[in-house]
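For reference, the structure discussed in these notes is given below.
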Amino acid sequence: MKMLKDVSVGGGLKDLFTLLRRNPREQALPILLALGCSGFIFFLFIIDPKVNTDVYVPQEVIYVENWSLDRTDEDIMKDRWAVQCLKDKRDAKRREAMKSLGRMSGMDVDEIEREAKAERLARGEVEVERPADVTC
């Protein structure tokens, strides 16, 4: 601490005021810039603990299934249709939510759905028939 024995805040402030008394106009802009930059950095230190404080949500873990090499085509199609049933349920739930939002907004949801179905038929889109043994 021998290095800091000659340093004092009071002496520094005394030198600053002496300098300001001699040339107040010439020194005003650099002092304002120095105080402004220091103040801005101090402000950043104050708001820094409040930045990126979201609650951590762990990522969803997806497990991969390992299938045996002796699976038949029927087993594969059965699994695919099971996944398709889950997707259809998810889509139906979302569609119902959108319909209720449309009704609350004053839209004619049934008319919109009829028009969309007519457009799909005009484009030639067809719905794939489910096998008889698949039930969702």
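No hydrogens, no waters, no symmetry mates; every other heavy atom, side chains included, goes into these values.
A continuous path of hydrophobic side-chain contacts links Phe40 to Ile47 [ILVMFWY only; heavy atoms under 4.5 Å]. The cluster map of Ile, Leu, Val, Met, Phe, Trp and Tyr, joined by side-chain heavy atoms under 4.5 Å apart, puts Leu35 and Phe17 in the same cluster. Cluster membership for Met104 and Ile112, using ILVMFWY side-chain heavy atoms within less than 4.5 angstrom, is not shared.
In this structure, Asp110 and Arg103 approach most closely via the heavy-atom pair OD1-NH2, 4.1 Å. Taking both residues in full, the closest heavy atoms of Arg71 and Ile76 are given as NH2-CG1, 2.8 Å, listed atom of the first, atom of the second, then distance.
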Pair Thr18, Asp15 - check side chain to side chain donor-acceptor pair (under 3.5 Å), show working. CA-CA 5 Å; Thr18 303; Asp15 288 344; 5.2 Å; no
Carefully, step by step, assess Lys99 and Glu113 under the rule salt bridge (charged side-chain N to carboxylate O under 4.0 Å, His left out). CA-CA 9 Å; Lys99 281 183 181 179; Glu113 191 173 9; 3.0 Å; yes
Run the numbers on Arg114 and Glu111 for salt bridge (charged side-chain N to carboxylate O under 4.0 Å, His left out), then give the verdict. CA-CA 5 Å; Arg114 280 192 297 274; Glu111 177 65 27; 2.8 Å; yes
side-chain contact (heavy atoms from CB on, under 4.5 Å) between Leu86 and Trp81, worked out: CA-CA 9 Å; Leu86 293 175; Trp81 279 111; over 6 Å; no
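Note that CD of Gln84 is 8.0 Å distant from CG of Asp91, once rounded to the nearest 0.5 Å. Between Ile41 atom CD1 and Ile46 atom CD1 the span is 12.5 Å, to the nearest 0.5 Å. If you take CG on Asp73 and CZ on Arg80, they are separated by 9.0 Å, rounding to the nearest 0.5 Å.
Taking the side chain as every heavy atom from C-beta outward, Glu119 and Glu125 never approach each other to under 4.5 Å. Using a 4.5 Å heavy-atom cutoff, the side chains of Glu96 and Leu101 are not in contact.
In this view, Glu115 satisfies the salt bridge (charged side-chain N to carboxylate O under 4.0 Å, His left out) rule with no residue, not counting sequence neighbours.
Other residues, nucleotides and ligands place more than 12 heavy atoms under 6.0 Å from the CZ atom of Arg123.
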